[in-house]
Protein chains: 2
Amino acid sequence: MAKMTIPKPGKPVRGSKSGKPIMALIDLMGRRWILRILWELRGDALTFRGLQEACGGLSPSVLNARLAELREAALIETTADGYALTPMGRELGTEFEALTHWAEKWAKGLK
Amino acid sequence: MAKMTIPKPGKPVRGSKSGKPIMALIDLMGRRWILRILWELRGDALTFRGLQEACGGLSPSVLNARLAELREAALIETTADGYALTPMGRELGTEFEALTHWAEKWAKGLK
DNA sequence: TCTTTTTGCTACTGAAAACGTAGCAACAGG
DNA sequence: CCTGTTGCTACGTTTTCAGTAGCAAAAAGA
């Protein structure tokens, strides 16, 4: 499996050469499992296998790749208890959690 | 190319069978180009080809698939001027734009 | 009216990413 | 030791994405 480059602000990413931070974020968030992982780590730290289970049993190879990307992006870190959000990652997670509200409204509107 | 099911709140989606709206959102946002399309439509409406160009020339087949998903999710609609965000889509777009701030901080923190 | 463009989209082939399973080395109890 | 857990790699299959070509319908000239 060819290695996907890790999106970083200031550098060209998939779909944009501008180097704008938002484009790096779009690239990162547009990858499968990234959001889910942040979501599952919103509470306590989780081990590799715990995270895998929480995500419904995604393949370890993909999980490992995503973890590397998130680590490189300084959004998660490994602690004694397993994987956990960094302060920056927690901030992003919190911002994203705000979308739960919106999602509820969205669900109602679709019915 | 096997058709990917369209994520909707209340139904099982890729990675989760709970039917929770947030999981449908995670599935949707985790697909490549979805966020970018919402981003590019934050201003005026764009035609199919205009959107394609704005996204750096993504393939029309993928664009069309993503547009179908976004339409089904009631986040975009076709108007006389082309594709545009629905009120609900605009709301999501606005929430996402708030992340621009965060992304700037993130970029600084990584340097 | 008769070309040209433009637009929205489909078809097809190849490349890349994700899935699913198996398994191994390191460590932790017991 | 023996057993179980943990983090992770390998690898073949399936799914998704990319890239190009092109067509029917509508619009725009001439």
Side-chain angles (χ1 to χ4, degrees), chain A residues 1-7 12-17 23-24 26-41 44-73 76-84, chain B residues 1-7 12-17 23-24 26-41 44-73 76-84:
Chain A
M1 183 163 69
K3 193 176 68 180
M4 205 172 9
T5 64
I6 294 172
V13 297
R14 298 185 310 167
S16 169
K17 295 175 186 169
M23 287 301 165
I26 286 175
D27 181 357
L28 189 63
M29 290 178 79
R31 298 176 185 199
R32 202 172 169 189
W33 296 114
I34 286 283
L35 283 173
R36 178 65 175 273
I37 290 169
L38 292 176
W39 176 259
E40 298 297 345
L41 287 178
D44 294 330
L46 287 172
T47 64
F48 188 94
R49 280 169 132 104
L51 198 45
Q52 193 183 357
E53 203 173 339
C55 290
L58 85 166
S59 30
S61 45
V62 174
L63 175 55
N64 195 44
R66 290 300 99 89
L67 289 175
E69 289 157 17
L70 286 168
R71 226 169 348 198
E72 187 79 15
I76 65 169
E77 61 192 347
T78 62
T79 70
D81 297 327
Y83 291 94
Chain B
M1 182 164 73
K3 193 175 71 179
M4 204 171 9
T5 64
I6 294 173
V13 296
R14 298 185 312 167
S16 168
K17 295 176 187 168
M23 286 301 163
I26 286 176
D27 182 357
L28 189 63
M29 290 178 79
R31 296 175 185 200
R32 202 173 169 186
W33 294 116
I34 286 282
L35 284 173
R36 179 65 175 273
I37 290 169
L38 292 175
W39 176 260
E40 297 297 344
L41 288 178
D44 294 329
L46 286 172
T47 63
F48 188 94
R49 279 169 133 103
L51 198 46
Q52 194 183 358
E53 205 174 337
C55 291
L58 85 166
S59 29
S61 45
V62 175
L63 174 56
N64 195 44
R66 290 298 102 90
L67 288 175
E69 289 157 16
L70 287 168
R71 228 170 347 199
E72 187 79 16
I76 65 169
E77 61 193 346
T78 62
T79 70
D81 297 328
Y83 292 93

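Order of the sequence lines fixes the chain letters, A, B, ..., with proteins taken first and strands second; residue numbering starts at 1 for each chain.
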Asker: Can you tell which of dC17(D), dC19(C), dT20(D) lies closest to the side chain of Pro60(B)?
Answerer: dT20(D)

Asker: Is Arg36(A) salt-bridged to Glu40(A), going by a charged N under 4.0 Å from an acidic O?
Answerer: yes

Asker: Between atom CG in Leu58(B) and atom P in dC9(C), what is the gap in whole Å?
Answerer: 13 Å

Asker: Can you check the Leu63(A) CG to dC8(D) P distance for me, whole Å?
Answerer: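 These atoms are roughly 9 Å apart.
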
Asker: Listed in order of residue number, which residues of residues 46-55 of chain B have a non-hydrogen atom at under 4.0 Å from DNA chain D?
Answerer: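 Residues of residues 46-55 of chain B under 4.0 Å from DNA chain D: none.
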
Asker: How long is the line joining CH2 of Trp33(A) and C1' of dT16(D), in whole Å?
Answerer: 15 Å

Asker: Using heavy atoms to find the nearest nucleotide of DNA chain D for Asp81(A) and Arg14(A) separately, return the residue whose nucleotide is more 5′.
Answerer: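 Whichever sits nearer the 5' end wins; that is Asp81(A).
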
Asker: By nearest nucleotide on DNA chain D, pick out whichever of Leu67(A) and Arg66(B) is the more 5' one.
Answerer: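 Nearest nucleotide further toward 5': that of Leu67(A).
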
Asker: Would you kindly give the CG-to-P distance between Asn64(A) and dG7(D), to the nearest whole Å?
Answerer: 11 Å

Asker: Just the rounded figure in Å: distance from C1' of dG7(D) to CD1 of Ile37(A).
Answerer: 14 Å

Asker: Return no unless some side-chain N or O of Tyr83(B) is found under 4.0 Å from OP1 or OP2 of dC9(C).
Answerer: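 Tyr83(B) to dC9(C) OP1/OP2: side-chain N or O found under 4.0 Å.
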
Asker: Between C1' on dT14(D) and CZ on Arg32(A), what's the gap in Å once rounded to a whole number?
Answerer: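 After rounding, the gap between these two atoms is 12 Å.
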
Asker: Using side-chain heavy atoms (C-beta onward) and a distance below 4.5 Å, is Asp44(B) in contact with Asp81(B)?
Answerer: no

Asker: Could you check how far CZ of Arg36(B) sits from P of dC17(D), rounded to whole Å?
Answerer: 16 Å

